[in-house]
> 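First the structure, which I've put down as structure tokens, then a few questions once you've had a look.
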There are 2 protein chains.
Amino acid sequence: MTEKPKLEDVAKLAGVSPTTVSRVLNNRGAISDKTRQRVNEAIEQLNYHPNEIARSLFVSKTHFIGLIFPTTGHPFYGEIVFHIENILSEKNYKVLICNTMDQADKETKYLNMLLANQVDGMIVGAHNVGIDTYQRAHLPIVAIDRKVSDTITVISSDNYQGGRIAAEELLRQGRTKTIHINSAPQHEAPSSYQRRKGYEDVLAEHGLPFKTYTVELPFDTETKQQMLSSILDEHPDLDGMFLSDDITAAIALSMVRNRKKDIFIIGYDGTETVTTCLPELTTVVQPIRAMAQLAVDLLLKEINNDFTDIKKNYMLPVKLRRGEQL
Amino acid sequence: MTEKPKLEDVAKLAGVSPTTVSRVLNNRGAISDKTRQRVNEAIEQLNYHPNEIARSLFVSKTHFIGLIFPTTGHPFYGEIVFHIENILSEKNYKVLICNTMDQADKETKYLNMLLANQVDGMIVGAHNVGIDTYQRAHLPIVAIDRKVSDTITVISSDNYQGGRIAAEELLRQGRTKTIHINSAPQHEAPSSYQRRKGYEDVLAEHGLPFKTYTVELPFDTETKQQMLSSILDEHPDLDGMFLSDDITAAIALSMVRNRKKDIFIIGYDGTETVTTCLPELTTVVQPIRAMAQLAVDLLLKEINNDFTDIKKNYMLPVKLRRGEQL
DNA sequence: ATGAAAGCGCTAACAA
DNA sequence: TTGTTAGCGCTTTCAT
């Protein structure tokens, strides 16, 4: 027997019907100890492993969850994907991972792929397709950090507070000529808007000037460098910057050091990786693990048709992490 | 019709048999333009999407690939997972992601889960279960950076050269009292051994002293800090360190800066993230994208039963990236 | 406590 | 060119 054994083979070897084997496997119905034992022996002997795909087809539940994110190569997404998968696997769900690289066509393709593979639900952290595209899925979906929708649950960190906290810290550091660089994904990510609003509100309240650059941030470092470089050229008297994520902040930090400028930099995200690599960076920390936990909790509630206490919009608190002095 | 439409529904609406619909979907056999059109209209009208799970069951091929790695939260793994998924999705394969967190029991559980879900193959970058555990799977498997095996293809970067390159750079920087900290995963990862050997050989060739610490590196920063701290205490005259990965190197770098020591640090991996965050770090760069590409190429060859030109062991070249001056 | 039969949604012989 | 039939590996009524 070199072929993969199936349930029927086990049944034959144990001298029982397939039904009985199935019952043993799933602990259902009443089975005599004798038969249970014989079945288990046969399973052992054949090194039998049930085919989950066949099972999924029958019960029309796969226990697959689709994750759509820009790229696990970015620390924020790499970490949140890790936490989500980790929490889901505890609950016996399996994760299909999709990296859209911010390309709308990929996102659409992935969405269809996940539907075709009968995922029980999805968690989406990518931003290039209108959220209405997802509504058509008629599936439990939780989104992270995107436009609020009537039908899809959205989780985000408190971006407005994040913007305020950053601006307040710049003031506390005595910086008065600051700018904010704001990466706006194609489809109106509310996170960017809220962060910007928070930052601008604080400065306005203090009667200070501010300038916000809204740019489409590419993933590659070089383009970011050029962009930051020309912004620095335009503002020779700049003394503070609030960047939309830590990686961009890291680039700005090196650049400012190279130019020997005294510009105070604040980032956003506060991932483990960046915190470890750049302990001197001040940043607004998102509660990544809590966001992952909440996303999973809400998704599983929806999957189990428990819609009690499910709001459409969740906001988790952020906090400032001050960089360590060098 | 609020239920998900199936192939049969399409057939009925189009007034043809299920077979015909299947043929249209898969572009197989000869179909008249008229029927093809009618079928396509019915598909459109019902917003029908084929059930891949049912299809998988029938053809006993899922196009699922399992990825077993320590954690996508670590930049090296996050990036390699990204590349692997990216390349695989181009070939219409789907990726199930598993984060073992270096726990053997999780790794075993994931392995069984992947087998139960009928993956067509696996790429493994985790290190806590003996490789023989995988042999039993009787499945195409490619391993990254682990013990060479007779039966499983292993890809690694040239760790011995990596060790040599690092040691040579330390010498070039005029460092003569150096140590190497070597994170040895539980089950004899050859990568650690080879890097160490390369480092030690070079120093021995120059008649220089060296010291290698082989420690089980935990994931958390604090424990690493404590460990590094006591090593630094033991060696007040140290002037060079070669760390087994960039994150640990980053921690060492901050620590050395805090202590105002002149210790030259060399890391290992050269991920985009760390390169961006710490451009001043000198490191041995692994060809991450090339490793991902090769892993996928070999895996798909094995899946397609093409074993020509498949060796059991592949080594890709590393290079030194010198940190930028601050 | 156990088994026979039907079927989850799809595809591939084999016929016509 | 199209349809009929059987079956991928499993589970679940419904009998007994």
Side-chain angles (χ1 to χ4, degrees), chain A residues 1 3-40 42-43 46-64 112-120, chain B residues 1 3-43 46-64 92 112-120:
Chain A
M1 172 97 57
E3 279 309 301
K4 215 180 283 184
K6 40 176 132 179
L7 188 139
E8 200 191 328
D9 301 322
V10 176
K12 272 184 192 144
L13 183 59
V16 297
S17 76
T19 315
T20 304
V21 177
S22 173
R23 280 200 264 257
V24 171
L25 287 169
N26 300 291
N27 256 320
R28 243 191 278 292
I31 305 246
S32 76
D33 283 354
K34 241 176 283 181
T35 35
R36 164 171 287 117
Q37 193 171 339
R38 261 192 311 174
V39 168
N40 280 325
I43 288 175
L46 294 175
N47 189 28
Y48 168 76
H49 289 274
N51 181 329
E52 275 290 318
I53 297 296
R55 189 169 197 292
S56 293
L57 178 60
F58 189 89
V59 301
S60 21
K61 273 225 158 211
T62 55
H63 272 64
F64 286 138
N112 290 329
M113 178 279 275
L114 293 174
L115 292 176
N117 284 279
Q118 315 300 118
V119 293
D120 292 348
Chain B
M1 172 98 55
E3 280 309 302
K4 214 181 285 183
K6 41 176 132 182
L7 188 139
E8 199 190 327
D9 301 323
V10 176
K12 272 184 191 144
L13 183 59
V16 295
S17 77
T19 316
T20 304
V21 178
S22 173
R23 281 200 263 258
V24 171
L25 287 170
N26 299 291
N27 257 319
R28 245 191 275 291
I31 304 243
S32 75
D33 284 353
K34 240 176 282 180
T35 35
R36 164 170 286 118
Q37 194 171 340
R38 259 192 313 172
V39 169
N40 280 327
E41 279 166 15
I43 288 175
L46 294 174
N47 187 31
Y48 168 75
H49 289 274
N51 181 331
E52 275 289 319
I53 296 297
R55 188 168 199 292
S56 293
L57 178 59
F58 188 86
V59 300
S60 20
K61 274 225 158 213
T62 54
H63 272 65
F64 287 138
N92 287 312
N112 290 329
M113 178 277 274
L114 293 174
L115 292 176
N117 285 279
Q118 315 300 116
V119 294
D120 291 348

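Reminder, nothing fancy here: chain letters follow the sequence lines and each chain counts from 1. All of these numbers come straight from a predicted model, not from anything done at the bench.
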> From CD of A:E8 over to C1' of C:dA6, roughly how many Å is that when rounded to an integer?
15 Å

> Checking B:S22 against B:T19: is there a side-chain donor and acceptor pair closer than 3.5 Å?
no

> Tell me the interatomic distance from B:R55, atom CZ, to D:dG9, atom C1', rounded to whole angstroms.
17 Å

> Mind calculating the distance between NZ (B:K34) and P (D:dT1) to the nearest angstrom?
12 Å

> Any side-chain N or O of B:T35 below 4.0 angstrom from OP1/OP2 of D:dT2?
yes

> Does D:dG9 have OP1 or OP2 under 4.0 Å away from a side-chain N or O of A:Y48?
no

> Does A:N26 put a side-chain nitrogen or oxygen below 4.0 Å from OP1 or OP2 of D:dT11?
yes

> In whole angstrom, give the distance that lies between atom NZ of B:K61 and atom C1' of D:dG9.
18 Å

> Provide, to the nearest angstrom, the distance between the NZ atom belonging to A:K4 and the P atom belonging to D:dG9.
9 Å

> Ignoring hydrogens and geometry, is there a side-chain-to-backbone donor-acceptor pair from A:N117 to B:E52 under 3.5 Å?
no

> Under 4.0 Å: is that the gap between some side-chain N or O of B:S17 and OP1 or OP2 of D:dT4?
no

> Taking the side chain as everything from C-beta on, heavy atoms only, tell me whether A:R36 gets closer than 4.5 Å to A:N27.
yes

> What is the distance, to the nearest angstrom, from the NE2 atom on A:H63 to the C1' atom on D:dC10?
16 Å

> Please report, rounded to the nearest Å, how far the C1' atom of D:dG9 is from the CD1 atom of A:I43.
14 Å

> Let me know, please, whether A:L25 or B:V59 comes out on the 5' side of the other along DNA chain D by nearest nucleotide.
B:V59

> Which listed nucleotide (D:dG9, C:dC10, C:dG3) is nearest to the side chain of B:P50?
C:dC10

> When you compare the side chain of A:V21 with that of A:V24, does any pair of heavy atoms fall below 4.5 Å?
no

> Just compare D:dT11, D:dG9, C:dC10 and give me whichever is closest to any side-chain atom of A:S22.
D:dT11

> Are B:K6 and B:D9 packed together at the side-chain level, in the sense that at least one heavy-atom pair is separated by less than 4.5 angstrom?
yes

> For C:dG3, take OP1 and OP2 only and decide whether either is under 4.0 Å from a side-chain N or O of A:T20.
yes

> Find which nucleotide of DNA chain C each of B:I53 and B:R28 is nearest to by heavy atoms, and output the residue with the more 5' nucleotide.
B:I53

> Can A:T35 and A:S32 be said to form a side-chain hydrogen bond (donor to acceptor under 3.5 Å, both in side chains), step by step?
CA-CA 6 Å; A:T35 35; A:S32 76; 2.7 Å; yes

> By the 4.0 Å heavy-atom rule, please label B:R23 as base, sugar-phosphate, or nothing.
base

> Pick the closest DNA chain D nucleotide for B:R38 and for A:V21 by heavy atoms, then say which residue is nearer the 5' end.
B:R38

> Given that A:V16 and B:E52 both sit by DNA chain C, which one's nearest nucleotide is further toward the 5' end?
A:V16

> Round to a whole Å and report the spacing from CZ of B:F58 to C1' of D:dC10.
16 Å

> Can you figure out which of C:dT11, C:dA12, D:dG9 approaches the side chain of B:T19 most closely?
C:dA12

